[in-house]
Structure formats: structure tokens, C-alpha cells
Amino acid sequence: MSGLPSSRRVAAPAEDAPPPRPGGIAARALGRGTPDYLEKLNPEQREAVETLDGPVLVLAGAGTGKTRVLTTRIAHILATGRARPYEILAVTFTNKAAREMKNRVGDLIGGVVEGMQWLGTFHSIGARMLRFHAELAGLKSGFTILDTDDQIRLMKQIIQAEGIDEKRWPARQLAGHIDGWKNRGLAPKDVPEGDAHVFADGRGRKLYAAYQDRLRTLNAADFGDLVLEPLNILRAHPDILADYHRRFRYMLVDEYQDTNVAQYLWLRLLAQGRRNICCVGDDDQSIYGWRGAEVDNILRFEKDFPGAKVIRLERNYRSTAHILGAASHLIAHNESRLGKTLFTERADPDATRVAVSSSWDSEEEARAVGEEIEQLQRKGHILNEIAILVRASFQMRAFEDRFVTLGLNYRVIGGPRFYERQEIRDAMAYFRVVAQPADDLAFERIVNLPRRGIGEATMKVLHDRARARRIPLIDAAEDIVETDELAARTRTALRDLLASFERWRAQLAHLRHTELAEIVLDESGYTGMWQADRSAEAPGRLENLKELIRSMEEFDSMLGFLEHVSLVMDVDAQAGADAVSIMTLHSAKGLEFDTVFLPGWEEGLFPSQRTLDESGRAGLEEERRLAYVGITRARKRAHIRFASNRRMHGLWQTSIPSRFLDELPEAHVDVTEETSTYGGYGMNAYGASRFDSRDPFQNTYSTPGWQRAQKNRSGMSESAMGGYGNFSGPKQSQRYIEGELVAKSTAASSAYARGERVFHQKFGYGRITAIEGNKLTIDFEKAGQKRVLDSFVERH
DNA sequence: TAATAGAAAATTTTT
DNA sequence: TTTTCTATTA
């Protein structure tokens, strides 16, 4: 997209412009009483569509027709002539959702919607805004968008430049902090003192500033900037904000529960104009807190937008009463929620309850699921309607292994996306250097790929020169090959490479970009490198490169393609053959299947111990929402499983059933006893009481198997674990306790102060360098810097 | 500069 | 256990 001067493009229609004339569909809609698109809605949905003025929050439970409301609302606005397509701001989180919205609005109004320029993801709309006003953010309109990989490489350089030990302060971690700050709408100067101290002894803020500086020099923005910079521009320039206020007659937001602070501030600022904002979301499905999403945004909506109308969609069209009953009862254990209860009007007498069963270990778990799937298959169920939803991707392997032996078709959804694969990123880096020579990050990525003898030492020379003269790396390279600073061999290699780029760039104008792409990959030796590679994945990588070239055909220029890739990082997974889907719970949000298997419901894994440690009670609630999302994916059958033993990072761990199992209502659940599991040991030392203490629901199953499990669990003493050397008993105990302690103390701030000397059982003596809630960053005398919970240290 | 051996770290991931 | 990164050596 070319950046035109902003005023023209953004100029809103004059205030006194005549309202858009109702034509075609609109006339039909107005002329004949109720248009038929409204008649297909239930009363709540219809209210959500027809309440067009003022702020509206639609709390849409799972399977209650959320997308239908959103798309019908847009169609209604257009059909009644209240706004033109380009006067509607409609934001989603994924490209997929944006695409679907566009298509469905098109279906409703009978044709393709043209001109909805402001329908898209937060990031693509942010990028669009930022290109109009790039100079206000210190960028040029043609800025490049960096992805996570580029970000981390860049931060690595900055950390090195600052002379900070990379091992103690990994770039990844810094990237996480900076991302978090951007998510919260903070510029480097706004980062609170305490926050700045979590990284590199207080140099966090400085590094953030240096990173932003570097981005400006590279004329680049990262994903966070695509939201943060437009927000800053709107904050600083009331005239621009007013322009947008005039323009956006209606605003719609999908998945509002997933918005972060920056996105929220951006929306709020824009909504201050006409106040016609409609947010659709489900607080019970907020599962991206770890990525900066604030459930609070949705919980607070009525306060933020006084006079807001809240509409609840609770009529579920997806699942059986048993599934809804189980999910509703589970999620009712959360305290921070607005409260909804899903119900269904359909009665299906032969609906099955939610099944809970157990296995000895993950292999047996996979075997059992495999068998059940084969049974379903014999009964005529298709595999496309079956999904296995796991908490963490390492769980997938057992299923894949098993399904391969069974010859059962499966597909893994998620995982590294097409454009994130190494070979694709490498190829893209070549294209970037051809199209935008100043792209240092891309240049660095491929200078020595395939190996050309241009190693670390040479790069240092290039970097020094580039920095000294404030020129891009490639220009520095041009200079240096004219001198004798480099060994003859490396100089020749570098000169050849530069000449190649020169040649390709000359062809940019008169060759088709797909053809040029092939030439670049061939002549650079990149394709050859993979052809010579004898490893198992090489053929697949070559195939991916071909696919990349194929996908370029849809674009008319190299630049157009590069722009697309940076924002639309997904390629549709082709449906293909009948297959079982395996994916994480996170990637299952928004999908539905007849049958859903939910394996691995064990303490530590689900709820994830790490989440509990990091986010305490809030983390536990988010895990519970994840469980809720999992169950509500099922239309007809949900099978929950847990295993008594699981191998994690190569070590066997005994596990105990997830507390979420205790939170399911007996009336909707069938617990199956599987002989191999309750053989005597397997349960561990923790009393059932641990779950009961604050459980208002008092339900544990009366099934013999479950009762026995509970008994075993409480009857077993710590010493009884002693005989099983490779089951790490003590670790278990610590695990659980950590979770509880955190849960209790999250709200309160730590009792320790910075600079205090403390003692830790494992790490010895150290001094506190930073405090974040109940997490302390401590510089240990022997063990170096660690982050630990305050409950594990004592004053000294 | 490149290959190799050894150590450290291992969720979830819309853009 | 496996993968990924870093320090060492040829």
C-alpha cells in the first residue's frame, strides 16, 4: 500500500453530506416491513442487531450465534443506509475471522461487499492508519513490519551492543517484556520503575528505547507498534482523532475479551466520537491473558461506556444439554465473570453424558482414544467430526505415534505456520533484500546462507562500518569490497553476492516477480543447498519453496507480496481427506466437532503449573476457561481423560487428576473405571480436602471407581511414594504447594524490599534486585540471577 | 570459518 | 527425551 498524504485519504464526508441513498437491498429492507435477514434471528440476537445507537456489549456464549449477530448487524447498518461501507470500523483478531465476516456480510446483502476498508484485524487496520500518518511516528510510509523472529534478532544485537551478558538476559525475555509494555500502551518513558528493573538490573527501559530507535532507523515497526503507534498518534493529535470520529459512524469489535490495554485505549478513543460501538465477546472464553489480553476490559464495559446496553446470548445451538450442563457448572467456579448460563431448547433423549476415564500413562491414553475413534468409525462417524484437544503440544506426539501405527488419518492443526518456516523465511529474506536493499535484518539472515565463508568476523567489520557511517549494511559491504580490509577469499565471495543482488534488482522492473523469485533462489544457491541436503526434511522444504512461488502468483508485484506476508501470516489449511484433528485448546477456540476428546486433565498439566505459578488465582481461572472452551467445542460427545503417569522432558512423573474433574456436575458426567489405573499406587499423597476447602459445589462422584480414587489419594502418605525411585514425589509436592501459595497471595504485594539479603533452600544467599507481586528477582551469590516466589526465601 | 560436542531448557501463540 | 544454542576444536 502506498502512503498517500493523510488528510485526503482520511477525510471524512462532510458532516452535512446527505445520508447515503438507500438503494437496492436497502430499499427492499425499508419498503417491506421486516427484512428477512432479521426474521432468522432469535429475540436476543435481533435486539443485538437492531440496537444501533449507543454502546452495546453482546455477551455471546459459546455456540450462540455470535458471528451471525455481528454480520447481520453490519448488513443491517448498510441496508438501512445508516452508513456507507467505509464508514464502518469492524475489528477482529484473526484474518480468518475478518475474511469470514466479509463473506457473510456479502451473503446477507446479496453480493460482494466492496469498500469495507476498515474491516480487518487490529493489526492490519493499525498498519493502515500508521501508513497514513507514518511521519508522525518517525517512520516513512513504506515501513516494513517485523515478525517475532526479526524482533529477537534485533534485540540480541542491542543487548550485545550494551555489553550485557546474553546468557543471563536472553533476548527472548526482553522481547517478552517489551511486547508486554507495548500491549499496555507504554512508551519507553512510561515504563514504571519497578517494571524496568525486571530486566538487566534496571536497564530494561534503556534497552526498550534503544530498540525503538533501531526500528526507526530501519524504518520498521513490530506487531506491537501497529497498535501502539496509531494510539499515540490519536492521543497526540486531536484533529486527526476528530477526522476518524467523523468517519466511523459505527464500530464493531469481535472477541472483545481478548483485547489488550493498548487495543482497548485505541477503541475507547475512537468510540468517544459517535459512541456507536458494539463489542461482542465472551468473558468465559478469554484465554489469551498471557499474551496481554485483559478480561477486565469486558468486565468493565458498562463502567467505561455509561449507558451501555448489555445483551446476553445464552441460547445455544451447538451442544447437548449434558455438555452444556457440564461446561456451565465448571465455569461457575470462576469468580471474575459476568455470569451467563447456556441452555438449549433441543431435547435429545439419547444424548450421552460427558465421559471421564483414566489411563495408566500417555501411551495407554492414546491407545484408548484410538480404540474409541475406531469404534465411532465403525458406527459410521466421519473423522472430520472428531477432534483431540490438548493443553500443550507435546501431548500430541503420543496420539500421532498411535494413529500412525493404527493407520488412522489425522491432521495436526496449528504448529509453525507456513510463513514461519525456516526455508520460507530465508527465501523471503532474499526477496526483501532485492526489493528493499536497506533491510539489514534480511541481509544478515542470508549473507552466509548457503555458506559463503562470510562469517562472524566479516560481519563485525560490516557492522562497524555501517554504524560509523550510518548506512545500511549492504552499502557498507559495497564500500568494503573496494578496500583490502577483507581476506581475498571473503572479499570475492561478498563481491559476488553483491553483484548478484545488483543483477536481480535490475531485473525487478521487467521480469515477472514469480520468475525473478525462482531465479534468485536458484542463482543464490539456496535451492541447491536443500537439494544437496540428504536429511529427511529437505524434500519437504523444497516443496514448500515451490508452494511459496505458487502463492506469489496471486500478487502483482514483489512489494505487494511482501506487504501481504507480513500481516497475513496464515495459509488456509486445506480440508483434504477425512481425518481426525489434533490441536491445542487454544487453537480450537471458535471451532466445533461432533466428538471431542480432552486428554491430559491432570494437575500440573491442566491446570498448567506454570500458569498457576505465574498468575496465581487469575491464572487458575484462565485455565478453567480453557477447560470450558474445550468442553463447549463438542456438539454431541465429550470425552475427558487423565493419565496416572506422564513422561515430561524425559522424566516420568506421577500425576493426580485435575481439580477441574471435581468441578464437573455428577448429573452430566459418567466416570468409567479402568482397571489398570487404580491398581494401588498412582495416586499421590495429597488429601482430597485440598480441593474441598473453598468448593461451594460439594460434588464428588459416587461412582465406585472415583470414590476409590479419592480414597487412595487421601490415604496415601508421602513415604508410600518412596519406593518408586523414578517417580519424582517431592517435586510433586512442591508443585502443588507453589500453586496454592501463589493463589493466595497474588493480590498482596510482597513483604520484601529491594536490596534485601535473603536465603533460598536451593540457591543459597542472594540479594533482591526486583519485585513483581510475589515474585522476586534475586541475584544469588552462587547461582546467579533467578526469579523465585517470595514464599521460598527467608530473610537473612 | 565450519563442524562438532556438550549443556541448558523445555506451554498456550490470533498478528 | 528432544531440541536448540554456545563454546570448543580442527
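First the proteins, then the strands, lettered A, B, ... as listed; each starts at 1.
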Enquirer: Nearest-nucleotide wise, let me know which of A:M459 and A:R610 is further upstream toward the 5' end of DNA chain B.
Expert: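 In this pair, the answer is A:M459.
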Enquirer: Checking all strands, does A:Y288 fall into the base, sugar-phosphate, or nothing category for heavy-atom contacts under 4.0 angstrom?
Expert: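 Result for A:Y288 = base.
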Enquirer: Measure the distance from CG on A:L585 to C1' on B:dT11 and round it to the nearest whole Å.
Expert: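 The distance from CG of A:L585 to C1' of B:dT11 comes to 11 Å, rounded to the nearest Å.
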Enquirer: What does nucleotides 1-10 of chain C look like as a protein-contact string, B for base, S for sugar-phosphate only, - for none, at under 4.0 angstrom between heavy atoms?
Expert: BS----S---
Enquirer: To the nearest Å, how far apart are A:L449 CG and B:dT1 C1'?
Expert: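 Distance check: A:L449 CG to B:dT1 C1' gives 15 Å.
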Enquirer: So that I can compare with my own list, what are the stems of DNA chain B, taken as at least three consecutive Watson-Crick or G-U pairs with distances under 3.5 Å?
Expert: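 Output for stems: B:1-10 with C:1-10.
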Enquirer: Between A:R541 and A:D533 (salt bridge meaning N to carboxylate O under 4.0 Å), is one present in this structure?
Expert: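 Not counted as a salt bridge, because no side-chain N and carboxylate O are separated by less than 4.0 Å.
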Enquirer: Rounded to the nearest Å, what distance is computed from the CD atom of residue A:E614 to the C1' atom of nucleotide B:dT11?
Expert: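 Rounding to the nearest Å, CD of A:E614 and C1' of B:dT11 are 9 Å apart.
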Enquirer: For nucleotides 3-5 of chain B, print each protein N/O atom paired with a nucleotide N/O atom at under 3.5 Å, atom names and distance only.
Expert:
unit_1	atom_1	unit_2	atom_2	d
B:dA3	OP2	A:R451	NH1	3.1

Enquirer: Compute the centroid of each ring, for A:F606 and then for A:W601, and state whether the two points are separated by less than 6.0 Å.
Expert: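 Yes, the ring centres sit under 6.0 Å apart.
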Enquirer: From B:dT11, B:dT13, B:dT1, pick the nucleotide closest to the side chain of A:W290?
Expert: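 That would be B:dT13.
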Enquirer: Taking A:R465 first and then A:E485, would you say they form a salt bridge - that is, a charged N and a carboxylate O separated by under 4.0 Å?
Expert: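 Looking at A:R465 and A:E485, the cut-off is met.
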Enquirer: Whole Å only: how far is the CG atom of A:L462 from the P atom of B:dT1?
Expert: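 Atom-to-atom, A:L462 to B:dT1, this comes out as 11 Å.
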Enquirer: Side-chain contact test, heavy atoms from C-beta onward, threshold under 4.5 Å: evaluate it for A:F93 versus A:T121 and give yes or no.
Expert: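 They are not in contact (no side-chain heavy atoms under 4.5 Å apart), so the answer is no.
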Enquirer: Under the side chain to side chain contact (heavy atoms under 4.5 Å, CB included) test against A:V58, which residue among A:V253, A:V280, A:D282 passes?
Expert: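 The side chain to side chain contact (heavy atoms under 4.5 Å, CB included) with A:V58 is passed solely by A:V280 among A:V253, A:V280, A:D282.
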Enquirer: At their closest point, which heavy atom of A:I287 faces which heavy atom of A:D258, and how far apart are they?
Expert: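 Scanning both residues completely, I find the closest heavy atoms to be N-OD1, 4.1 Å.
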Enquirer: How would you label the contact of A:T92 with the nucleic acid (heavy atoms, under 4.0 Å): base, sugar-phosphate, or nothing?
Expert: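 No contact.
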Enquirer: If we check side chain to side chain donor-acceptor pair (under 3.5 Å) with A:E602, which of these qualifies: A:R646, A:Q653, A:R391?
Expert: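 Exactly one option meets the side chain to side chain donor-acceptor pair (under 3.5 Å) with A:E602, and it is A:R646.
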Enquirer: Answer with base, sugar-phosphate or nothing: what part of the nucleic acid does A:E255 contact at a heavy-atom distance below 4.0 Å?
Expert: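 It contacts nothing in the nucleic acid.
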Enquirer: Provide, to the nearest angstrom, the distance between the CG atom belonging to A:D149 and the C1' atom belonging to B:dT13.
Expert: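 In whole Å, B:dT13 C1' lies 14 Å from A:D149 CG.
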Enquirer: Charged N to carboxylate O under 4.0 angstrom, A:D150 versus A:R445?
Expert: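 Here A:D150 does not pair with A:R445 in a salt bridge, since their nearest N and O are not under 4.0 Å apart.
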Enquirer: Using atom CD of A:E622 as one end and atom P of B:dT13 as the other, report the distance to the nearest whole Å.
Expert: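 The distance from CD of A:E622 to P of B:dT13 comes to 13 Å, rounded to the nearest Å.
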Enquirer: Is the shortest side-chain N to carboxylate O distance from A:E100 to A:K96 below 4.0 Å?
Expert: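 No salt bridge links A:E100 with A:K96.
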Enquirer: What is the distance, to the nearest angstrom, from the CZ atom on A:R489 to the C1' atom on B:dT1?
Expert: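 These atoms are roughly 9 Å apart.
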Enquirer: What is the distance from CD of A:Q173 to P of B:dT11, rounded to the nearest Å?
Expert: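 Rounding to the nearest Å, CD of A:Q173 and P of B:dT11 are 15 Å apart.
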Enquirer: Salt bridge or not for A:R625 and A:D284, using N-O below 4.0 Å?
Expert: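 No, A:R625 and A:D284 are not salt-bridged.
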Enquirer: Between A:R291 and A:R391, just flag the one whose closest nucleotide in DNA chain B comes earlier from the 5' side.
Expert: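 Whichever sits nearer the 5' end wins; that is A:R391.
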Enquirer: Side-chain contact, heavy-atom cut-off 4.5 Å: A:L231 with A:Y264?
Expert: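 A side-chain contact is absent here, since even the closest heavy-atom pair is not under 4.5 Å.
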Enquirer: Contact class for A:T584 vs. all strands (heavy atom < 4.0 Å): base, sugar-phosphate, or nothing?
Expert: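 Sugar-phosphate contact only - A:T584 comes under 4.0 Å of backbone atoms but never of a base.
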Enquirer: Could A:D496 and A:R452 be called an ion pair, given the rule that one side-chain N must be under 4.0 Å from one carboxylate O?
Expert: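 A salt bridge is absent here (no side-chain N lies under 4.0 Å from a carboxylate O).
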Enquirer: So A:N448, base contact, sugar-phosphate only, or nothing? Heavy-atom distance under 4.0 Å.
Expert: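 Sugar-phosphate only.
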Enquirer: Give one of base, sugar-phosphate or nothing for A:A97, where a contact means two heavy atoms less than 4.0 Å apart.
Expert: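 If one applies the 4.0 Å heavy-atom cut-off, A:A97 turns out to touch nothing in the nucleic acid.
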